[in-house]
2 protein chains.
Amino acid sequence: MSGKLYGVGLGPGDPELMTLKAHRLIAGAQVIAYPSLEGGESFARSIAAEFIPQDCAEVAISIPMSVARKPAQDAYDTGAADIAAHLDAGRNVVVLCEGDPFFYGSFMYLFSRLADRYPTEVVPGVTSVTACAAALGRPLAARNEVLTIIPGPMAEDEMRDRIGAAEAVAIIKVGRHLAKIRRVLQSLGHEADAGYIERASLPMQKVLPLAEAPDEAPYFSMILMMKGHDPWL
Amino acid sequence: MSGKLYGVGLGPGDPELMTLKAHRLIAGAQVIAYPSLEGGESFARSIAAEFIPQDCAEVAISIPMSVARKPAQDAYDTGAADIAAHLDAGRNVVVLCEGDPFFYGSFMYLFSRLADRYPTEVVPGVTSVTACAAALGRPLAARNEVLTIIPGPMAEDEMRDRIGAAEAVAIIKVGRHLAKIRRVLQSLGHEADAGYIERASLPMQKVLPLAEAPDEAPYFSMILMMKGHDPWL
């Protein structure tokens, strides 16, 4: 009988924001797997580190830093094969996922390669979006508002149209797109409605009005904007 | 010294989907508070029930079932005053919130009444949106897709426009709006891309292609739709 594949959301970074279920699965894991950048650090593993059993086998999926998709897809092919070998041997595999596995997560690349062959369960996690709203001290969306999640790499004109038509907006994957996003919000007259959050829930968390945000933002940063609410920063 | 107010997200319903932090705060609580419908059951309390200390004081905020806003606002006034009395006496108060406190949550009504007067912390939780994606076995949003969260009560024409312009969509608060939402998705040719989820993560969870969804949906139901993905139901 084959093992079971678990895609486990770990939340935004504070280990205490993982779920009881994630904690139980990790603390009892025979095999864990996680992505790491070029064989270096894995943010997902660092969130779970204190709960990983000492005798647990580890599958590190080394993702090359490249804009080309082929090298990353090859890495997921290799990672999926390593995971499949454990599953075939009857061992469960817990894949560690930052945030939530199905919310802009790389777990989908393993899911698409394995879920049709092995019993698979996805354990949802706290997303960075609600963690950022908590850090900001401001509701993300209320009552019958529409909430739009926009990735930072979007082209400037499209972003202006999308945000112009939106009510509450979370812009994720800000990173090197911060200057562009700021221009868009300024041109729409909404810079003062926007807050900037960096590394939500981690010790080095930063929360600032967008106008005071640094010019260089790390990948794990976000901008939340709610139109027409009371002033809130 | 006054106590501290905590707004604590409990996740979508399975008690194991609460965070370690929520669990710690509830298990150590002197005072908990939660909304209940007309003084009856509280879904939030039921999620946390097994972890609530026996000697814990409880503030049940009885929300009248009425479309008028004044009676509910009066109830939150009363609840906020009861909570403030505990905070003034130096006791921390843990407010139990379904899902995430700042994601379409009623906690905002207490936050707006109390957060400027008392130290306040919001603990994010797993939202029903990612729990529904996990139940469906389908990524909610990937790569650079835009994700739009639309409340079910939206007028039909506006809903058609919004979904027509969207990529990945989560329609929340489905309930009695199911027939309308189905019409909208049919008219856009996207019924087959949509999944229906009821009571995600609870023992009575239901997951169905939208075409097979019942005509009557409970309040805690959701429709997820992703355009242009591979077939997935």
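What you are looking at is a predicted structure, and each value in this text was computed from that prediction instead of being measured. Residue numbers begin at 1 in each chain, while the letters A, B, ... track the order of the sequences.
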**Asked** Rounded to the nearest 0.5 Å, how far apart are CG of B:L147 and CZ of A:F103?
**Response** 6.0 Å
**Item:** chain A contacts, top residue of B:I150, B:V129, B:V122, B:N144 (heavy-atom pairs, under 4.5 Å)
**Value:** B:N144
**Item:** Atom group of B:A200 that falls short of 4.5 Å from chain A, counting heavy atoms
**Value:** neither
**Message:** Just so I understand: if I count every heavy-atom pair under 4.5 Å between each of B:P151, B:G152, B:P153 and chain A, which residue has the most?
**Reply:** B:P151
**Fill in**
Answer key: most heavy-atom pairs under 4.5 Å with chain B among A:P124, A:A115, A:P12 is A:P124
**Prompt:** B:L20 and side-chain contact (heavy atoms from CB on, under 4.5 Å): which partner among A:D14, A:L17, A:L20?
**Reply:** A:L20
**chain B contact via A:P15 - side chain, backbone, both or neither, heavy atoms under 4.5 Å** = backbone
**Message:** With a 4.5 angstrom heavy-atom cut-off, is it the side chain or the backbone of A:A22 that approaches chain B, or both, or neither?
**Reply:** neither
**Request:** Check A:Y109 against B:R143 and note the closest heavy-atom contact, atom names and distance.
**Result:** OH-NE, 3.3 Å
**By side chain to side chain contact (heavy atoms under 4.5 Å, CB included) - contacts of B:E121 (at least two apart)** = B:K4, B:Y6, B:K21, B:V123
**Asked** Out of B:M108, B:R162, B:H23, which one racks up the most heavy-atom pairs below 4.5 Å with chain A?
**Response** B:R162
**Message:** If you count heavy-atom pairs within less than 4.5 Å of chain B, which of A:T127, A:T148, A:D100 leads?
**Reply:** A:D100
**Complete:** Bottom line for A:M154: the part with an atom under 4.5 Å from chain B's heavy atoms is side chain
**Residues of residues 169-183 of chain A within contact distance of chain B, non-hydrogen under 4.5 Å** = A:K173
**Message:** Given heavy-atom pairs under 4.5 angstrom as the criterion, report whether the side chain, backbone, both or neither of B:F111 touches chain A.
**Reply:** side chain
